[in-house]
Novice: 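The structure under discussion is supplied below as structure tokens; questions concerning it will follow.
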Amino acid sequence: SKQLWLKEGDRNSKFFHATAKARRKNNQIHSLVNEEGDRVDWEGGLEEVMVNYFKGLFSSSQARWEEVVDCIESKVTADQNACLTKPVEDKEVKEALFHMHPDKSPGPDGMSPGFYQRYWSIVGNDIVSMVKNFFETGEFNEHLTDTTIVLIPKKQNAQHMTDLRPISLCNVSYKI
């Protein structure tokens, strides 16, 4: 029976690895069609196609947002505003971290929420200090906003950037 289990385990392992290998192959992006309609691969500027897509998506336009904002009636009372603008408390920072699932994907720094949760006794004071400093000065380390963007195909044989779903993997300290 033990030998049978090992053989079954080997079969499951082979199946798992074959499935993972096929999925990885299907999810690889070899080329996309650029804005001019030309197919571009990694050697021909695919990276530029991706960067230009996101630059266009996230660049500001010349819209006059003041007109829109002026039409919105204020709903925040003076008491609510006082509550929202009061200084951040240490326990709020800790609660923000501990409400995150420990196994969420890490950001570019490689640290998951679980790391910060497990070693809160060591890193907690630094995290609280960083958050309080941000709310007092509006400034933080420029690398805190570094983000890894993973592109997940929405369908097989993605042809255009719109066929890809971007997933942003931010640093945990930035999320806090």
Side-chain angles (χ1 to χ4, degrees), residues 1-59 88 90-131 134 140-176:
S1 121
K2 187 175 183 180
Q3 202 171 30
L4 178 64
W5 180 83
L6 288 174
K7 288 182 180 179
E8 184 67 29
D10 288 345
R11 242 190 332 247
N12 287 341
S13 180
K14 285 180 184 177
F15 174 77
F16 170 78
H17 288 291
T19 302
K21 187 176 180 180
R23 185 173 184 162
R24 189 177 319 117
K25 183 180 177 194
N26 286 337
N27 285 343
Q28 286 185 341
I29 302 166
H30 298 286
S31 64
L32 292 173
V33 176
N34 65 15
E35 290 180 0
E36 291 80 34
D38 301 323
R39 179 160 294 284
V40 181
D41 61 13
W42 289 106
E43 289 79 29
L46 182 56
E47 182 178 338
E48 186 178 332
V49 169
M50 294 175 173
V51 169
N52 289 340
Y53 173 79
F54 286 111
K55 279 185 178 179
L57 194 62
F58 294 113
S59 63
V88 177
D90 295 9
K91 71 175 188 159
E92 290 178 286
V93 177
K94 184 177 181 180
E95 286 174 2
L97 170 66
F98 280 82
H99 278 107
M100 293 181 193
H101 193 282
D103 294 331
K104 285 291 185 182
S105 295
D109 65 2
M111 305 298 180
S112 68
F115 169 83
Y116 290 95
Q117 293 166 357
R118 181 169 181 164
Y119 297 104
W120 182 254
S121 62
I122 298 169
V123 300
N125 288 335
D126 291 334
I127 297 296
V128 168
S129 176
M130 176 201 69
V131 170
F134 168 72
F140 50 76
N141 181 304
E142 67 182 72
H143 296 292
L144 196 63
T145 60
D146 289 351
T147 301
T148 300
I149 297 177
V150 179
L151 300 172
I152 309 293
K154 295 178 188 177
K155 60 184 185 180
Q156 281 190 339
N157 301 319
Q159 301 291 314
H160 305 276
M161 281 297 296
T162 53
D163 296 336
L164 303 169
R165 177 177 290 114
I167 306 292
S168 300
L169 305 177
C170 305
N171 290 315
V172 172
S173 47
Y174 181 63
K175 290 179 186 180
I176 296 171

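Remember, it's a predicted structure, so these values are computed and weren't measured experimentally. Note: hydrogens, waters and symmetry copies are ignored here, and every other heavy atom, side chains too, is used. Sequence positions, counted from 1, serve as the residue numbers for this chain.
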Novice: Which is it for E48 and V40 under the side chain to side chain contact (heavy atoms under 4.5 Å, CB included) test, yes or no, and what are the steps along the way?
Specialist: CA-CA 10 Å; E48 186 178 332; V40 181; over 6 Å; no
Novice: What do you reckon, is CG of N125 surrounded by more than 12 foreign heavy atoms closer than 6.0 Å?
Specialist: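 Open: at most 12 neighbouring heavy atoms sit under 6.0 Å from CG of N125.
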Novice: Test side chain to side chain contact (heavy atoms under 4.5 Å, CB included) on N171 and H143 and set out the steps.
Specialist: CA-CA 9 Å; N171 290 315; H143 296 292; over 6 Å; no
Novice: In terms of heavy-atom contacts, does CD of E47 have more than 12 from other residues, nucleotides or ligands at under 6.0 Å?
Specialist: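 Not more than 12 within 6.0 Å, no.
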Novice: Under a 4.5 Å cut-off applied to non-hydrogen side-chain atoms, are P106 and L169 in contact?
Specialist: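 No - every pair of side-chain heavy atoms lies 4.5 Å or more apart.
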Novice: Hey, is NZ on K175 packed in by over 12 heavy atoms from elsewhere, all under 6.0 Å?
Specialist: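 For K175, atom NZ is crowded (more than 12 foreign heavy atoms under 6.0 Å).
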Novice: Can you confirm whether Q117 sits close enough to L97 that some side-chain heavy atom of one is under 4.5 Å from a side-chain heavy atom of the other?
Specialist: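 Answer yes - side chains close enough.
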Novice: Taking all non-hydrogen atoms of both residues into account, name the closest pair between P102 and S112 and its distance.
Specialist: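 Looking at all heavy atoms of both residues, the shortest contact is O-OG, 3.5 Å.
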Novice: For the CD atom on E35, are there more than 12 heavy atoms of other groups (residues, nucleotides or ligands in this structure) within a distance under 6.0 Å?
Specialist: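 Incorrect, the count does not exceed 12.
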Novice: Heavy-atom count around Q156 CD within 6.0 Å, excluding the residue itself: above 12?
Specialist: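 No, the 6.0 Å shell around CD holds no more than 12 heavy atoms from other groups.
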Novice: Quick one: does N52's side chain get under 4.5 Å of N34's, heavy atoms only?
Specialist: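 Side chain of N52 against side chain of N34, heavy atoms only: no contact under 4.5 Å found.
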Novice: For F58 and F54, take the angle between the two ring planes, folded into 0 to 90°, and tell me which bin it lands in: parallel under 30, tilted 30 to 60, perpendicular over 60.
Specialist: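 It falls in the parallel class, under 30°.
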Novice: How far apart are the closest heavy atoms of P108 and T148, and which atoms are they?
Specialist: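 Answer, listing the atom of P108 first, then T148: CG-OG1, 3.4 Å.
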Novice: With side chains defined as the heavy atoms from C-beta onward, is the minimum distance between M50 and L32 less than 4.5 Å?
Specialist: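 With C-beta onward as the side chain, the pair touches.
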Novice: Indicate yes or no: at least one non-hydrogen side-chain atom of V172 is less than 4.5 angstrom from one of K104.
Specialist: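 Result no, sub-4.5 Å side-chain heavy-atom pair not found.
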Novice: Which value, rounded to the nearest 0.5 Å, describes the distance between T19 atom OG1 and K14 atom NZ?
Specialist: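 If I round to the nearest 0.5 Å, the distance is 13.5 Å.
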Novice: With distance as the sole test, does S168 use its side chain to make a donor-acceptor pair with the main-chain N or O of P166 at under 3.5 Å?
Specialist: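 A pair under 3.5 Å: no.
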Novice: Below 30° counts as parallel, above 60° as perpendicular, anything between as tilted: where do the rings of F140 and F134 land?
Specialist: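 Correct class here is tilted.
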Novice: So, the side chain of K154 versus the backbone of T162: is there a donor-acceptor pair under 3.5 Å, distance only?
Specialist: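 Side chain of K154 to backbone of T162: a pair is present.
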Novice: Supply the atom-to-atom distance S31 OG to N157 CG, rounded to the nearest 0.5 angstrom.
Specialist: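 The CG atom of N157 is 9.5 Å from OG of S31, to the nearest 0.5 Å.
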Novice: Does R39 have more than 12 heavy atoms from other residues, nucleotides or ligands lying within 6.0 Å of its CZ?
Specialist: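 More than 12 heavy atoms, drawn from other residues, nucleotides or ligands, come within 6.0 Å of this atom.
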Novice: For residues M161 and L151, report the shortest heavy-atom separation together with the two atoms involved.
Specialist: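 In terms of heavy atoms, the two residues are closest at CE-CD1, 4.2 Å.
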Novice: For I29 and W42, work out which heavy atoms get closest and say how close.
Specialist: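 Nearest pair, atom of I29 first, then W42: O-NE1, 2.7 Å.
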Novice: Measuring only between side-chain heavy atoms, which start at C-beta, is S173 closer than 4.5 Å to I127?
Specialist: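 In short, these two side chains touch, coming nearer than 4.5 Å.
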Novice: Quick check: do Y174 and D146 have side-chain heavy atoms less than 4.5 Å from each other?
Specialist: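 Not in contact.
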Novice: Kindly give the heavy-atom pair with the smallest separation between L46 and H30, and that separation in Å.
Specialist: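 Heavy atoms of L46 and H30 come nearest at CD2-O, 3.9 Å.
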Novice: From F115 CZ over to I122 CD1, what is the distance, rounded to the nearest 0.5 angstrom?
Specialist: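 Going from CZ on F115 over to CD1 on I122, the span is 7.5 Å.
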Novice: Mind checking whether Y53 and H160 have side chains closer than 4.5 Å, heavy atoms only?
Specialist: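 A side-chain contact under 4.5 Å is absent here.
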Novice: Step by step, would you call L144 with M130 a side chain to side chain contact (heavy atoms under 4.5 Å, CB included)?
Specialist: CA-CA 11 Å; L144 196 63; M130 176 201 69; 3.8 Å; yes
